[in-house]
Amino acid sequence: MKPTFYITTPIFYVNGAPHIGHAYTMIAADVMARFKRLDGYDVFFLTGTDEHGQKVEKAAIDAGKTPQQFTDEVSAVFRDIAARMNVSNDAFIRTTEPRHYKASQALWENLIEAGHIYLGGYEGWYAIRDEAFYDESELTTNAQGQRVAPTGAPVEFVTEPSYFFRMSAFRDRLVDHIEANPEFIGPAARRNEVLGFLKGGLTDLSISRTSFRWGVPVPGDNAHVMYVWLDALTNYLTALGYPDDEAPDMRFWPADLHLVGKDILRFHAVIWPSLLMAAGLPLPKRVYAHGWWTIEGEKMSKSIGNVIDPRELADTFGADPLRFFLLRETSFGSDGDYSRAALVRRLNVELANDLGNLAQRTLSFVAKNAGGVMPKRGPTTEADSVIATMCSELHDIISPIIDRQDFSIALETIWVAIRAGNAYIDQQAPWTLRKIDPVRMEAVLANLLDLLRVVSTLLQPFMPDSMARMLDQLGVPPGQREFAALATPLPEGTALPPPEGVFPRFVEAA
RNA sequence: GGCGGUGUAGCUCAGCGGUAGAGCAGGGGAAUCAUAAUCCCUUGGUCGGCGGUUCAAAUCCGUCCACCGCUACCA
């Protein structure tokens with residue numbers, strides 16, 4: 001039986017336009033999912049939308065719609081983004097689905113039975129204008145002697161009844177778990193932040209609200225709806241069929257990887273594991289917080305007006321080059337900067353010149369001088385072995401790198417092989433061999449095609465469409481494209497279709 | 001303020017105890033199969049400052065400077 005692999009993106013909050021950051025998380029998760037599928041895993045890849053909360057309720061009202069109408073529309077946009085980015089999610093969950101209400105309420109009842117929820121009062125300084133609570137330390141006194149929030153909004157001390165989750169009781173166990181499992185939180189710097197945060201102790205968590213209605217009702221107390229994060233986090237279980245232990249997809253739990261943005265690591269690395277421990281459920285194996293993108297050196301923001309719809313970039317450059325750029329340009333745990341010039345540079349230098357041109361020069365040479373079929377392999381020279389060894393080891397080198405989400409390093413490693421391929425073809429000079437040693441020429445071309453096959457197979461998770469086309473041209477049948485198939489060389493004499501450029505250079509209009 | 005991190009070639013970064021590295025950018029050359037793409041060679045750094053440990057420090061320790069992150073319920 002295949003091993004399982006369950007990967008999630010956060011569910012995206014429907015209170016705003018989707019931007020490059022949303023696409024980034026989806027694409028990274030997609031690369032993981034595709035990589036694991038090709039590596040023989042039974043994969044469940046989940047994404048979706050988070051649709052509850054006061055902000056959504058308000059945004060709907062402002063738009064003159066019911067919350068349901070509003071969230072239907074925005075959720076569809078995120079679904080479209082996933083499709084346009086060529087994201088291969090197995091399911092798309094919405095927190096407004098009936099099955100999610102059922103799962104959230106079941107988890108709640110589970111926590112009640114275990115004695116980890118109690119009714120208390122949520123007290124704090126509330127600014128009506130901001131619809132937000134502020135910590136006492138944030139407040140200042142204005143000229144009129146009023147207590148005001150950092151935004152300048154007057155605040156008042158309010159108390160509302162609220163259910164609390166006894167999160168404080170789980171701090172020690174959580175710290176022990178993080179220390180015993182170094183891979184539980186990545187990257188390491190974030191792990192340290194979480195540990196530092198936990199050192200200061202955990203308080204109980206207010207997990208219900210009475211101030212608005214757009215949420216999952218608290219079982220047995222309809223005056224309350226669940227705190228949006230409680231409801232949101234539960235989505236990872238809902239999608240598998242929780243609370244039905246017999247649901248076929250429940251075999252995917254615990255999740256192998258929750259990919260999240262750095263802004264929501266806390267919820268996934270502290271609150272979520274605490275809730276799971278309280279409910280007696282196994283913890284996810286890893287939570288990874290990636291960085292954010294700036295745009296042409298500036299922070300992405302509506303007021304600057306530099307928010308980019310990833311669909312526009314995909315229309316201009318293609319989904320695959322965009323996917324490649326986002327994972328190649330910057331270390332996954334760090335912030336990155338998108339600039340059009342940088343994207344075009346990656347596209348032209350690495351995709352068109354290095355990889356695309358290597359494929360094109362090799363394949364067109366085979367078409368013209370080797371009968372358009374996989375040439376005959378020959379005796380191995382020293383230079384051949386260097387290339388062959390590099391290729392045969394590539395998967396095993398990449399695999400643990402992918403498991404750490406070091407996508408840019410994985411790509412750099414593959415590019416070392418591609419550059420070696422360009423050096424090899426120049427040194428071996430099949431155009432010279434054609435005249436003096438046609439047998440050796442065939443062997444050289446076969447080695448190059450073998451290299452291209454390894455490279456395109458391993459790059460499929462990053463650029464699925466482009467690599468499918470390249471593998472077509474390399475004569476690799478659709479059933480021979482998983483990683484395990486690399487052990488079986490393409491038979492000599494296999495007919496190769498006429499070559500066709502996969503990555504045209506991008507030239508800016510004048 | 002507290003905790004943590006970063007500072008290495010023009011740019012982005014790797015190296016983290018043993019005579020400074022990669023990619024891109026710059027310069028020179030080769031080749032002409034190919035998307036004028038490729039390959040080879042090369043310019044360039046007192047590895048943030050100062051002090052210490054060591055036979056030996058970018059690499060360990062101290063200190064100073066600069067920048068960044070986290071510091072509880074906003075998705």
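As a basis for the values below, the full set of heavy atoms in this structure was taken, side chains included, without hydrogen atoms, waters or symmetry mates. Letters A, B, ... are given to chains in the order of the sequence lines, protein chains preceding strands, and every chain is numbered from 1.
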Base-pairing mate for B:C13 - Watson-Crick or G-U, with both contacts under 3.5 Å: B:G21

Residue closer to the 5' end of RNA chain B, A:Leu351 versus A:Ile418 (nearest nucleotide): A:Leu351

A:Ser334 side chain to A:Thr330 backbone, donor-acceptor under 3.5 Å: no

Watson-Crick or G-U wobble mate for B:C3, both contacts under 3.5 Å: B:G69

Watson-Crick or G-U wobble mate for B:A56, both contacts under 3.5 Å: none

Candidate nucleotides B:C33, B:U35, B:C73, ranked by approach to the side chain of A:Asp426 - the nearest: B:C33

Length of the CG-P vector between A:Leu265 and B:C74, whole Å: 17 Å

A:Asn422 CG to B:A30 P, straight-line distance once rounded to whole Å: 20 Å

B:A36 to B:U43 separation - P atoms, rounded to the nearest Å: 30 Å

Whole angstrom value for the distance that separates P of B:C73 from CD1 of A:Ile117: 20 Å

Pairwise C1' distance, B:A58 and B:U8 [rounded to whole Å]: 7 Å

Closest listed nucleotide, where the reference is the side chain of A:Trp431 and the choices are B:A31, B:C40, B:U35: B:A31

Residue mapping more 5' on RNA chain B - nearest nucleotide basis, A:Glu329 or A:Lys435: A:Glu329

Span that lies between the P atom of B:U59 and that of B:C73, in whole angstrom: 40 Å

4.5 Å side-chain heavy-atom contact, A:Leu326 and A:Trp293: yes

Closest to side chain of A:Ser206, choosing from B:U38, B:C73, B:G69: B:C73

Pair partner, B:C33 [Watson-Crick or wobble, under 3.5 Å]: none

Under 3.5 Å donor-acceptor, A:Arg209 side chain and A:Gly53 backbone: no

Options B:C33, B:C40, B:C73, nucleotide nearest the side-chain atoms of A:Phe365: B:C33

Sugar-phosphate, base or nothing in reach of A:Thr203, heavy atoms under 4.0 Å: base

Nucleotide nearest A:Arg419 when distance is taken to its side chain, options B:A72, B:A34, B:G23: B:G23

Protein-nucleotide distance (A:Leu195, atom CG; B:A72, atom C1'), rounded to Å: 16 Å

Pi-cation contact, A:Phe184 with A:Arg191 (under 6.0 Å, within 45°): no

Pair A:Tyr163 + A:Trp108: ring centers closer than 6.0 Å: yes

Touch class at under 4.0 angstrom, heavy-atom based, for A:Ile264 against every strand present: sugar-phosphate

Rounded distance in Å between the P positions of B:G10 and B:G69: 26 Å

Inter-nucleotide P distance (B:U19, B:G5), Å rounded: 27 Å

Touch class at under 4.0 angstrom, heavy-atom based, for A:Arg434 against every strand present: nothing

Between C1' of B:U35 and CD of A:Glu350, the distance in whole Å: 16 Å

Of the listed nucleotides B:U71, B:C73, B:A37, the one nearest the side chain of A:Arg209: B:C73

Pair assignment for B:G62, Watson-Crick or G-U wobble, requiring both distances under 3.5 Å: B:C50

Within 6.0 Å of CD in A:Glu183, more than 12 heavy atoms from elsewhere: yes

Touch class at under 4.0 angstrom, heavy-atom based, for A:Ala352 against every strand present: base

Under 4.0 angstrom between A:Arg328 side-chain N/O and B:G23 OP1 or OP2: no

Touch class at under 4.0 angstrom, heavy-atom based, for A:Val502 against every strand present: base

Under 4.0 angstrom between A:Lys368 side-chain N/O and B:A34 OP1 or OP2: yes

Residue list, side chain to side chain contact (heavy atoms under 4.5 Å, CB included) with A:Ala63, at least two apart or on another chain: A:Lys65, A:Phe70

Spacing of the C1' atoms in B:G7 and B:A14 (rounded, Å): 15 Å

Sugar-phosphate only, base, or nothing, as touched by A:Gly53 at under 4.0 Å among non-hydrogen atoms: nothing

For atom CG of A:Leu363 and atom P of B:C33, their distance in whole Å: 17 Å

Any side-chain heavy-atom pair of A:Leu449 and A:Pro375 under 4.5 Å: yes

Sugar-phosphate only, base, or nothing, as touched by A:Gly356 at under 4.0 Å among non-hydrogen atoms: base

Rounded distance (Å) that lies between atom C1' of B:A22 and atom CH2 of A:Trp415: 16 Å

Any A:Arg361 side-chain N or O less than 4.0 Å from OP1/OP2 of B:U35: no

Sugar-phosphate only, base, or nothing, as touched by A:Gly336 at under 4.0 Å among non-hydrogen atoms: nothing

N/O (side chain, A:Asn353) to phosphate O (OP1/OP2, B:U38) under 4.0 Å: yes

B:U54 and B:U71, which share atom name C1', separated by this distance in whole Å: 38 Å

Touch class at under 4.0 angstrom, heavy-atom based, for A:Ile271 against every strand present: nothing

Within-4.5 Å side-chain heavy-atom neighbours: A:Val416 and A:Arg419: yes

Gap between atoms CD and P, on A:Gln428 and B:U38 respectively (whole Å): 19 Å

Inter-nucleotide C1' distance (B:U32, B:C39), Å rounded: 11 Å

Sugar-phosphate only, base, or nothing, as touched by A:Phe503 at under 4.0 Å among non-hydrogen atoms: base

Shortest side-chain distance from A:Phe197, nucleotide among B:U32, B:G69, B:A72: B:A72

Closest to side chain of A:Arg190, choosing from B:G69, B:A72, B:C24: B:G69

